[in-house]
2 protein chains.
Amino acid sequence: MLSLSKKTDYGLLALSHLTKLKEGEAASARELAIEFAIPTELLAKIMQRLARADIVRSISGPSGGYRLSRPAKEISIASVISAIEGTPAFTQCTKSDGTDCDQLTRCTIRKPLAHIHAKILQMLSLITLAEFDESDSTTYPVVLMSQAAKPRTTTVMPLYGHKNED
Amino acid sequence: MLSLSKKTDYGLLALSHLTKLKEGEAASARELAIEFAIPTELLAKIMQRLARADIVRSISGPSGGYRLSRPAKEISIASVISAIEGTPAFTQCTKSDGTDCDQLTRCTIRKPLAHIHAKILQMLSLITLAEFDESDSTTYPVVLMSQAAKPRTTTVMPLYGHKNED
DNA sequence: TCGGTCTCCGACTAATTCAGTCGGATATAC
DNA sequence: GTATATCCGACTGAATTAGTCGGAGACCGA
Ligand code: FES
Ligand code: FES
């Protein structure tokens, strides 16, 4: 349900740590794994993918490790997600051009759904790792949803009781 | 990877059909299933959930069926998603208040991630079934959030432009 | 040169989630 | 009363996802 995988979660966690490193410093996969209590091998694999996507650079040998391959403000979380999870798709239809959607030709929901997908992607591509760390120190003006859908009681549109901020 | 489940896809499909019905008309689960080539029993279950969330109203007996319980423009797709898929969560941390996140207390990515989650939810709650049908025939007129997050710099975001080739 | 530490990579298994099925109950129109 | 409809929960199988394992190659320091 619109959720990122655990791997992405781990990846972002590790990246946010790398962001804080000084110039020339590197953190090994194991080091990061211990720091965040993530299975070492799993984190290693995630880092490999990030390295292949040129988000992170690997340094072999002892005293080696990983470091960001570019400034944090140039790394969008969209790129991180696609590096770790592969093909992003909001619905089955948005995957390709709808080739895999068989007899649903009269489907009316494809275009609007694709549009939403694009919106989300755009939004994710505008947020960088740099933002992540800033918001760490400052209070985030966020109000999440309070509850999910409620069973047929009130006629008031429940939706998500969250307010918009900026 | 940020995708909706097939069930939600089916549900939206069925709802978009119900939107086109005239006052007093109803469509049965089987009818809808055949129309869109969806397994009958599966669609029936989906409709049940929508009914429980008061998105759709059921009429028992022969010549019965389903119809929208309120105007299409008052049904957001966010409510549809949460009705069908249950708890929406962008990351594992956003599920509850972070209770299930054990030793990741020093995690720096929770707040910004929650923020993104809220953004997406907000966006989804602003789009209604009415928009869905409009956009079918016309070019998309929707002016949702024009800007997601402040880009901080004019840096062009890579999006999916990672080059794994050397 | 040598050995230990590290990244690198693919294939494998286990766990969880999702899709789809089935059987039976109740309500209603004819 | 019967046929057709919703309704509900529990079940199985399929597909993802999470996590594991083993080995190859790179680098540093002794
Ligand atoms: S469900 Fe695939 S095109 Fe609409
Ligand atoms: S990963 Fe759960 S609080 Fe950050």
Side-chain angles (χ1 to χ4, degrees), chain A residues 1-11 13-14 18 25-34 36-67 69 81 84-89 91-92 95 100 151-152, chain B residues 1-11 13-14 18 25-34 36-67 69 81 84-89 91-92 95 100 164 166:
Chain A
M1 51 294 260
L2 273 183
S3 58
L4 294 172
S5 70
K6 231 177 211 173
K7 290 183 193 172
T8 307
D9 217 19
Y10 293 159
L13 214 40
L18 292 185
E25 283 184 331
S28 72
R30 179 163 56 179
E31 189 180 333
L32 290 168
I34 293 174
F36 295 110
I38 301 170
T40 311
E41 298 300 328
L42 183 57
L43 208 242
K45 197 165 70 172
I46 295 171
M47 296 311 288
Q48 285 160 27
R49 291 208 191 161
L50 290 176
R52 207 183 323 181
D54 198 36
I55 289 171
V56 124
R57 188 138 312 184
S58 68
I59 303 162
S60 303
S63 79
Y66 292 97
R67 59 185 174 83
S69 68
I81 293 174
I84 297 178
E85 311 212 2
T87 342
T91 44
Q92 334 305 112
K95 281 177 185 167
D100 46 352
R152 54 169 80 198
Chain B
M1 49 295 261
L2 273 183
S3 57
L4 294 173
S5 70
K6 231 178 212 174
K7 289 181 194 171
T8 307
D9 216 19
Y10 292 159
L13 215 40
L18 292 185
E25 283 185 332
S28 73
R30 179 163 59 180
E31 190 179 332
L32 290 168
I34 293 174
F36 295 110
I38 302 170
T40 311
E41 298 299 329
L42 183 57
L43 207 242
K45 199 165 68 172
I46 295 171
M47 296 311 289
Q48 285 161 28
R49 293 208 192 163
L50 290 176
R52 207 181 325 181
D54 199 35
I55 289 171
V56 125
R57 188 138 312 185
S58 69
I59 303 163
S60 302
S63 79
Y66 292 96
R67 59 185 173 84
S69 69
I81 293 174
I84 295 178
E85 312 212 3
T87 341
T91 43
Q92 335 304 112
K95 280 177 185 169
D100 46 351
N164 12 7
D166 308 73

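In what follows, chains are A, B, ... by sequence order, proteins preceding strands, each numbered from 1. Being a predicted model, the structure only gives us computed values, none of them experimental.
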What string of B, S and - do you get for nucleotides 22-30 of chain D, 5' to 3', when a contact is any protein heavy atom under 4.0 Å? -----BB--
At under 4.0 Å, does any side-chain N or O of B/Arg30 touch on OP1 or OP2 of D/dT4? no
In chain order, what residues pass the side chain to side chain contact (heavy atoms under 4.5 Å, CB included) check against A/Glu41, with sequence neighbours excluded? none
Closest nucleotide among C/dG20, D/dA18, D/dT20 to the B/Lys6 side chain: C/dG20
Contacts of A/Ser60 meeting side chain to side chain contact (heavy atoms under 4.5 Å, CB included) (sequence neighbours excluded), chain-then-number -> none
For C/dA19 and B/Tyr10 - does any side-chain N or O of the residue sit under 4.0 Å from the phosphate oxygens OP1/OP2? no
Any residue meeting salt bridge (charged side-chain N to carboxylate O under 4.0 Å, His left out) with A/Arg57, in chain and number order, not counting sequence neighbours: A/Asp54
Test side chain to side chain contact (heavy atoms under 4.5 Å, CB included) applied to A/Ala33 - qualifying residues, sequence neighbours left out: A/Thr40, A/Leu43
In dot-bracket, 5' to 3', how would DNA chain D read with Watson-Crick or G-U wobble pairs under 3.5 Å, [ ] for crossing ones and | for pairs to another strand? ||||||||||||||||||||||||||||||
Between C1' on D/dA10 and CD on B/Gln48, what's the gap in Å once rounded to a whole number? 13 Å
For B/Thr8, all residues meeting side chain to side chain donor-acceptor pair (under 3.5 Å), sequence neighbours excluded: B/Ser5, B/Glu85
Among residues at least two apart in sequence or on other chains, which ones pass side chain to side chain contact (heavy atoms under 4.5 Å, CB included) with B/Ala44? B/Ala29, B/Gln48
